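Values reported hereafter were calculated over all heavy atoms of this structure, with side chains retained and with hydrogens, waters and symmetry mates removed. Throughout, protein chains are lettered first and strands after them, A, B, ... in sequence-line order, and every chain is numbered starting at 1. What you see is a predicted model, and the numbers here were worked out from it, not measured in a lab.
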Amino acid sequence: MQDYIKGLNERQKEAVLHIQGPIMIIAGAGSGKTKVLTTRIAHLMASGIDAFNILALTFTNKAAREMKERIEHILGGNEARNLYIGTFHSVFARILRAEAHRIGYPNNFTIYDTDDAKSVVKAVINEMHLDDKLYKPSQVYNRISSAKNALVSPADYATDYYVQQEDIRANRPAIAKIYDSYCKRCFKNGAMDFDDLLLKFYELLKTNPESLSKYQHKFKFILIDEYQDTNPAQYEVIKLLGAMHENVCVVGDDAQSIYSFRGATIQNILQFQKDYDEVKVVKLEQNYRSTQTIINAANDVIGKNKGQIPKVLFTENAEGEKIRIVKTMSDNEEGKFVADSIQEQKLRNHFLNKDFAILYRTNAQSRAFEEALRRMAIPYTMYGGVSFYQRKEIKDLVAYLRLIINSRDEEALKRIINYPVRGIGKTTIDKIILLANTHNKTMWEILVEAAQHGFRAGTLEVINNFVTMIRSFSSMLEKHNAYEVAFHVGKNTNLVRELFNDKSTEGLQRYENIQELLNSIKEWVESPDNEDGEVVDKGLGAYLQQITLLTDADEKDPDADTVKLMTIHAAKGLEFECVFAAGLEEMLFPNAMSINTREELEEERRLFYVVVTRAKKKLWVTYANTRYKFGQLVQNEPSRFIEELPEQLLDRSYAGGGTKMSNNFGGSAFERMNSGFGGGWSGGKKAAEDAEKRYGPPPSKKSATPSYLPPKMEKKVTDHTPTENFVANEVTELAVGQKVEHQKFGFGEIIKMEGASHNPMAIIKFETNGEKKILLNYARLRIVG
DNA sequence: TGGAGTATACTTTTT
DNA sequence: GTATACTCCA
């Protein structure tokens, strides 16, 4: 028997060794799902199946990368590079680049990211003269996206009684029309949004028997990761692709289905067994990740859900520590408690920063943790921010590149037609759009034939110059690689110089980002990897396609020794020694938006199940008594999910039994926790000093980015510890010229007061943080002296 | 045309 | 509270 089989348990072996015919693997959390998938692929190859005939689809680039690496590790050599492993979106996009012409799209189609897509929706709404208060672009876009994911065409959408009733009730009956126009507009622009990558691929297979047959023959073995997260579009594609050989292997866990709001449906798991005559079903129920305590708690939690495939997770791991339930007085206290606990665990149990994760329901919760971690000089990485490629200056340069690849790309054109400023103002642009719409041409075509459209002489000249410039860039494409073109564009548009001349901190950062972009294009061009063994496309088009499909998580090093902060959604598939599940409060988690139906609540519960099962050794569940939500202080009840945990597995000694104990909580949570440890450790302040010795001083605006800060932290605030007994003065007492103290920004002087009386503001020049505009209704200021 | 001043939004969102 | 988007005026 091959070596790679030896490390598997019986169920896992079954899953790996079953080669022919459909198989569904129900893989509980931490049951070695990735191991099974990768070993299975290795086994297929060892059994003589050509790597070119294997397709493996994941949801994230990260998962795809990890899978590839692990297979390479098992097999050695470089056979694995011929495998088709990637995300649904990237694999389909790659195929569509070869086949798009068959469904009327240009092969060099642009991929619109969510921002581009919303911008198109907005343009459509404006052109239809609809009220954009009622038709909010992002809401309309979400609706369109849901329709696409459910394979509901504009025509279906318009005629579906139930859907129409919904829109009419929401007073937005025109969405069907917007949807239709949106699709037509994207088509005209030669662009596909993320959903289109799935949808158009489906269309291709559905309407082109040759294409279908080609890819059915190519992909003789298909494997799908995270099957519970697939939507109807993905489901249909898999069904079509797999119809010929029926060698489809899906791996999923219904208990971890947390993306129904993106169109995912557990139905796909249930349906799978009906789609084929004989489906082998394997359940992986042994957990190798967590302690018994954590597994028992997780089982109890998920047991409260009605709809699920029966299974019980078990583990042979040690019993482990009890789950700590921690109540804090406020969101900031919660942050402080977590940061203190991390510091303490590191010192007592020799954990590394990267052993910790702070997981929360919403991104807005990250602030308190960031502040607390920074104060303690604990390095961290926050996920869920904007991708590098979403930054304004990056998108600007990329827009030029997009336009020269695909002149129909209107979003790109609009973005840069007057940036850097060249005298094509709003009036002119509106006129171009109008002309384009009335003549049914693209904006670019109007520009090219501008002479016929009666522009003023001066305007005509700048338009012609613009057209000439873009054309000169396009002509470079044949003989130059992506880097050479991008460099040339940056230089000749004056875009780089513009940023270079901006000497503000932000301007400097932007300039550096552009340099980084150019470097990364260069790297990409020079990298030798030849995925799929096909001819490597180092052209600009391939590059653009690739970067649109990257997220901020792809830019971060998961192995960096930093504490990880992310939403629970983002944490699915990951594991950590120590996990802080934060903000376990009613209305936050479960979220207020998701408690109206049983289905919604069950999804929230699955989310809780996911966060619990991320922990290997230690789990904290924290909640705050009060929390700022949208600038308002609100009281919170502890989450119902806490009560659903079996009491005997909990340690509530950190929680305080209510207000009585919390009155004694004078110091930081850290001091409270450590009062019983018998000396040696005297409190949070000392911890901070200690950390300072180890990591250097806390970040300040003047210093260069300290190495422990994540690279993307642009906003640096010098931390200020408020004076003891800080008492804020009344807003009415404040006046220009006064010296004041702000709890976060420190000491400063009021230079100016402004704003309406109901919303007064003060411009304050701070000693360490520069000038800031402070909203007095929210900020608390103490008059000094 | 661009900057300041005002309005608005904020659940998750793998791509 | 904060980040971003829009509007309006100079």
Between [N] atom [atom2] and [X] atom [atom1], what is the distance in whole Å?
{"X": "A/D552", "N": "B/dT13", "atom1": "CG", "atom2": "C1'", "result": "12 Å"}
{"X": "A/I568", "N": "B/dT13", "atom1": "CD1", "atom2": "P", "result": "10 Å"}
{"X": "A/Y609", "N": "B/dT12", "atom1": "OH", "atom2": "P", "result": "24 Å"}
{"X": "A/N591", "N": "B/dC10", "atom1": "CG", "atom2": "P", "result": "13 Å"}
{"X": "A/D253", "N": "B/dT14", "atom1": "CG", "atom2": "C1'", "result": "16 Å"}
{"X": "A/N332", "N": "C/dT2", "atom1": "CG", "atom2": "P", "result": "11 Å"}
{"X": "A/E599", "N": "B/dT11", "atom1": "CD", "atom2": "P", "result": "21 Å"}
{"X": "A/K572", "N": "B/dT14", "atom1": "NZ", "atom2": "C1'", "result": "7 Å"}

N or O in side chain of [X] less than 4.0 angstrom from [N] OP1/OP2:
{"X": "A/N61", "N": "B/dT14", "result": "no"}
{"X": "A/T567", "N": "B/dT11", "result": "no"}
{"X": "A/N142", "N": "B/dT13", "result": "no"}
{"X": "A/K136", "N": "B/dA9", "result": "yes"}

Residue [X], side-chain atoms from C-beta onward, closest of [options]:
{"X": "A/N363", "options": "B/dT14, B/dT13, B/dT11", "answer": "B/dT13"}
{"X": "A/H569", "options": "B/dC10, B/dT12, B/dT14", "answer": "B/dT12"}
{"X": "A/S594", "options": "B/dT12, B/dT14, B/dT11", "answer": "B/dT11"}

> Roughly how far apart are A/K118 NZ and A/S145 OG, rounded to 0.5 Å?
Replying inline: 10.0 Å
>> Aromatic contact between A/F201 and A/H89, with the criterion being ring centroids under 6.0 Å apart: yes or no?
In response: no
>> Ring-plane angle category for A/F92 and A/F88, please: parallel below 30°, perpendicular beyond 60°, tilted otherwise.
In response: perpendicular
> Just by modelled atom types, is the A/R262 backbone N or O under 3.5 Å from a matching donor or acceptor in the A/N149 side chain?
Replying inline: yes
> Across the strands shown, which category fits A/D554 at heavy-atom distances under 4.0 angstrom: base, sugar-phosphate, nothing?
Replying inline: sugar-phosphate
> With both distances under 3.5 Å as the test, what is the Watson-Crick or G-U wobble partner of B/dT11?
Replying inline: none
>> Applying the side-chain hydrogen bond (donor to acceptor under 3.5 Å, both in side chains) criterion to A/R640, which one of A/E586, A/E585, A/E604 satisfies it?
In response: A/E586
> If you find the nucleotide of DNA chain B closest to A/E603 and the one closest to A/T548, which residue's nucleotide is nearer the 5' end?
Replying inline: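 Going by which nucleotide is closer to the 5' end, it is A/E603.
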> Starting at the 5' end of DNA chain B and moving along, which residue's nearest nucleotide shows up first, A/L549 or A/I258?
Replying inline: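 The residue mapped nearer the 5' terminus is A/I258.
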> Any donor-acceptor pair under 3.5 Å joining the side chain of A/R361 to the base of B/dT11?
Replying inline: no
